[in-house]
Amino acid sequence: MNRPGVSRLSDVNDVNAKDASNGHQKRSAVKIHRRLRFGLLELMLATAAVASWIPATMAMREIPDLQTEIAVMEKATLQLRVDDTSKLTIRAMPTVWRGLLTWKVYVPERSDLELRFASEGIESNNQPDQYDAVPLSAGKHLIHVKSTTDASGVHGSVLLDGETVLEQHHPPGRLRGSVSSGSTLGIKESKSFSVDETVVLTKQRFNRSHPLRQFGSFTLPPEYGSRGFACWISPAAKQETAPRRFILKRNRSRGIVVGLRQGLRISEMEELGYPGLIDIRPSRYAVLGDEYWDEKSRFAISVVPISGNGKDEVQNGVNRLPTSPQMNNAHIALKSPVEGEKSNKVWTAKSKFLPETLETEDSLLRVFANFNGHASEASVEVEVFFDPEEPNRVGFLPRIGDESIPLRAIELQTHFNSRFFWRTIDVLPTATSSSDADQVDTESVATDQLSVDENVHRNRGNSASQLPWRKVRVNRLPFGKPLKTTAGYRQLILRTDVPDVTQLKYPMGLSNRWTYDGIPNEQVWFLPDVTTGPPAERISVSLRNTAFFPATQSKLPGGSAVGNVRIRIPLPAKKPVWMSIRPAPPYDQN
Amino acid sequence: MLSQGVATGIAMLTTRLFFRLTLLAIIITGVFFTVKSKRELAEIRRQHQVLREKVGLLTDASDTTDKQIHVVRAELPDELISDGMEEIICWRFRLSLPKAYDACFASSIGLIRSDSPGGIGSSNTMYSFPCAEREERTLLVSFVKDAGSWKASVTEDTGSCSFSIPPEFPIQDLENATVEMAADYAVSRAYNSGDAVCLLRIHDGSVANVDKPDKDENLHNGFVVYMFNKEQESEFVDWAMGISKSMKVENQ
């Protein structure tokens with residue numbers, strides 16, 4: 001405790017310390033005072049320093065905003081912006097009018113590109129292999145594709161920097177000059193492409209006039225070659241590949257769809273009450289004008305195994321195995337077309353990857369439809385043939401499947417025929433010998449005038465409302481060639497007596513599935529001529545008319561028509577039978 | 001003491017000199033950057049001005065809260081309209097549409113009204129799709145002479161339509177015709193998205209000779225294109241048919 005008047009050592013020390021501290025603070029104050037002292041010059045310089053940066057700062061703040069607005073406006077100016085001079089750069093211009101499409105193009109140095117233009121065979125996947133071309137020099141170009149229609153047809157031209165360099169013409173006729181589907185490069189901004197790739201500028205497929213109606217048009221499927229105009233940029237050295245002949249798709253409801261790109265196809269399809277079904281999609285040229293082909297099966301063939309072991313249930317000693325709902329519909333399998341049947345590569349609808357192409361050195365495409373699950377353990381494999389030369393035709397060669405019970409024959413039976421109104425059959429006149437058959441004209445006989453097939457025990461399987469099966473005498477069928485070089489076949493030709501289905505009055509409420517809007521067509525079978533062979537090896541044919549549309553109680557306008565055709569093929573079969581749905585004259589000229 | 005004072009004086013002078021030089025350097029750099037940025041800014045402003053005159057600037061098109069339609073007229077480059085056709089007259093509009101706006105374009109040619117849609121002649125309505133967010137679309141109206149005859153074409157980003165031009169249409173006398181546009185070059189105009197916007201109306205001055213006792217003096221030979229939201233289609237149709245005198249749409 002400190003008392004007043006008494007100093008201690010610590011107090012003396014404190015006083016000394018305070019003196020020292022005060023001296024130091026004074027010196028520091030002098031120093032600080034000296035350091036912080038500014039003159040007028042410094043003040044002016046500092047002011048100028050600040051002022052000198054104000055405009056720059058203001059400008060820096062304004063520039064990014066302006067640049068953003070410029071970038072937005074540049075897009076609207078339609079300028080071609082080339083960011084990489086080593087790449088082909090394209091910008092599509094707005095369409096001034098429907099007949100004129102325009103692009104700005106930058107072509108790099110040493111790129112060796114050409115502009116190609118075609119008017120036929122335009123399809124979705126590939127570019128036509130028939131085209132005219134003009135080289136594209138390096139630099140910027142303006143390309144127009146112009147189409148006009150007048151009394152002499154539809155005319156297409158390509159203008160390069162204002163000069164017409166390529167022209168194509170479509171004569172007037174069945175072509176309707178409107179674009180059914182067109183793809184045009186996007187218009188929002190410039191796009192760059194490698195100089196090695198093909199760039200499609202436009203692909204326009206024209207609608208076709210409906211073959212029967214005065215007004216209306218229809219569109220071919222995208223994979224069918226169509227008339228129109230296609231313009232694309234391609235490396236000059238690149239040859240366009242020949243169009244694909246075959247097509248393979250996986251469809252969610254149909255499973256595998258396989259066949260001819262521009263012709264008949266088959267697919268897997270389930271249909272309640274129709275076991276052993278293989279769906280047939282005729283060539284679009286055989287049903288020209290018809291629509292709704294992607295809904296459900298509208299024509300199909302079922303495979304029925306015939307046992308050779310059962311007791312004679314019918315007069316000719318064969319036993320039709322009872323319909324088995326468990327029998328699966330066609331399970332289509334593709335075997336490597338290059339390596340043929342011996343390959344172990346098999347693709348089915350469940351395969352993760354399907355081959356991108358089915359092209360083969362062979363002129364025919366072969367696929368396999370397997371039918372299993374029959375209650376009797378019958379198993380059938382049908383080899384299916386497609387020939388690109390015959391777009392309306394498909395061949396079937398049935399075999400007994402692995403681990404099947406013995407089979408005597410296979411029956412192929414058509415379904416859903418009646419919507420096509422086939423009512424007559426071509427037969428040779430009675431007492432025509434085989435040697436004269438080529439020289440004799442055939443007669444047209446109504447299918448309901450054929451004799452009832454007595455071999456079918458009480459027309460087994462028919463309900464009271466069903467009409468009887470009628471027998472077709474194969475030896476009265478005319479000869480024909482399913483392929484150019486294949487002789488020894490008889491032809492079963494069913495024709496319609498309705499020249500124009502658009503004049504028919506369909507029953508009220510009939511599903512679109514069963515109406516038919518297309519050209520008259522024919523169902524044709526090419527059957528190996530085994531009429532002189534032993535009875536067990538002979539192919540037999542019967543057919544049954546129906547008064548109703550398929551699976552309905554709606555009556556056919558004009559009376560009954562063919563509802564089913566049944567072809568019984570004894571096993572083992574050596575040659576395939578061929579089935580065709582082909583356009584009737586005069587619609588068979590495309 | 002003396003030497004210490006001299007040393008202090010020298011140090012002070014050095015410090016002040018350094019300070020002055022630093023300020024000078026800042027001034028020089030500032031002037032340099034000012035000149036540089038001014039030049040840059042001038043160039044950018046020039047570009048901006050050129051572009052603005054050519055294609056217009058849509059007012060704050062990125063503002064997602066803005067519910068209005070902005071329209072500005074834009075040029076079409078000469079090279080696009082000189083090649084491949086004999087003659088062309090065109091109007092191009094940039095449209096900034098708010099989110100969810102489902103643009104429809106109703107065009108008519110023939111006898112049209114000077115203050116409302118509808119009339120007597122050919123007409124077409126093009127539908128597009130609702131805007132997922134604020135979007136810019138382009139509408140191009142062109143009158144094209146090809147193979148000796150004139151055609152009118154209305155093209156939007158998602159579709160197009162065309163008309164044959166009736167002989168009474170004043171295509172050869174557009175200088176004396178009345179031409180009304182939703183917006184001109186450079187400056188955008190804003191419209192309520194609940195209203196129908198008359199993008200372009202062209203008509204002659206004379207009153208059409210309609211063979212009716214109650215001759216409609218509001219009908220003229222011409223062409224018109226309106227844009228409206230599909231939600232207001234019935235109100236637009238009523239207006240076009242003369243059932244109502246305006247769109248009569250509740251405020252958006």
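The sequence lines fix the lettering, A, B, ..., with proteins before strands; numbering per chain opens at 1. Computed from a predicted model, the values in this text were never measured in an experiment.
Residues of residues 20-27 of chain B having a heavy atom under 4.5 Å from any heavy atom of chain A, listed by number: B/Arg20, B/Leu23, B/Leu24, B/Ile26, B/Ile27.
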- request: Evaluate the criterion side-chain contact (heavy atoms from CB on, under 4.5 Å) for residue pair B/Val72 and A/Met73; output intermediate values, then yes/no.
  value: CA-CA 11 Å; B/Val72 69; A/Met73 287 192 287; over 6 Å; no
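Among B/Ile44, B/Thr155, B/Val141, the residue making the largest number of heavy-atom pairs under 4.5 Å with chain A is B/Ile44. The candidate from A/Ala46, A/Pro55, A/Ser157, A/Ser52 with the greatest count of non-hydrogen atom pairs under 4.5 Å with chain B is A/Ser52.
Not counting sequence neighbours, B/Thr14 has no partner by the side-chain hydrogen bond (donor to acceptor under 3.5 Å, both in side chains) test.
Proximity to chain B (any heavy atom under 4.5 Å) is restricted, for A/Leu41, to the side chain, taken from C-beta onward. Residue B/Arg92 touches chain A through its side chain alone, counting heavy-atom pairs closer than 4.5 Å. For a residue to count as touching a neighbouring chain, one of its non-hydrogen atoms must lie under 4.5 Å from one of that chain's; by this rule B/Phe19 touches chain A with the side chain only. A/Val72 touches chain B through backbone and side chain together, each having a heavy atom under 4.5 Å away.
Pairs of residues two or more places apart, or lying in two chains, that qualify as side chain to side chain donor-acceptor pair (under 3.5 Å) and include a residue from residues 53-73 of chain A are A/Glu62-B/Arg45, A/Glu69-B/His48. Identified under the side chain to side chain donor-acceptor pair (under 3.5 Å) test for residues 26-44 of chain B, with sequence neighbours left out: B/Glu43-B/Arg46.
Shown here is A/Met44, whose CE atom has no more than 12 heavy atoms of other residues, nucleotides or ligands within 6.0 Å.
Here the straight-line distance linking atom CG of B/Leu51 with atom CD1 of A/Ile70 works out to 6.0 Å at 0.5 Å rounding. Atom CG of residue B/Leu76 and atom OG1 of residue A/Thr102 lie 9.0 Å apart, to the nearest 0.5 angstrom.
With contacts defined as side-chain heavy-atom distances shorter than 4.5 Å, the pair A/Leu66/B/Leu41 qualifies.
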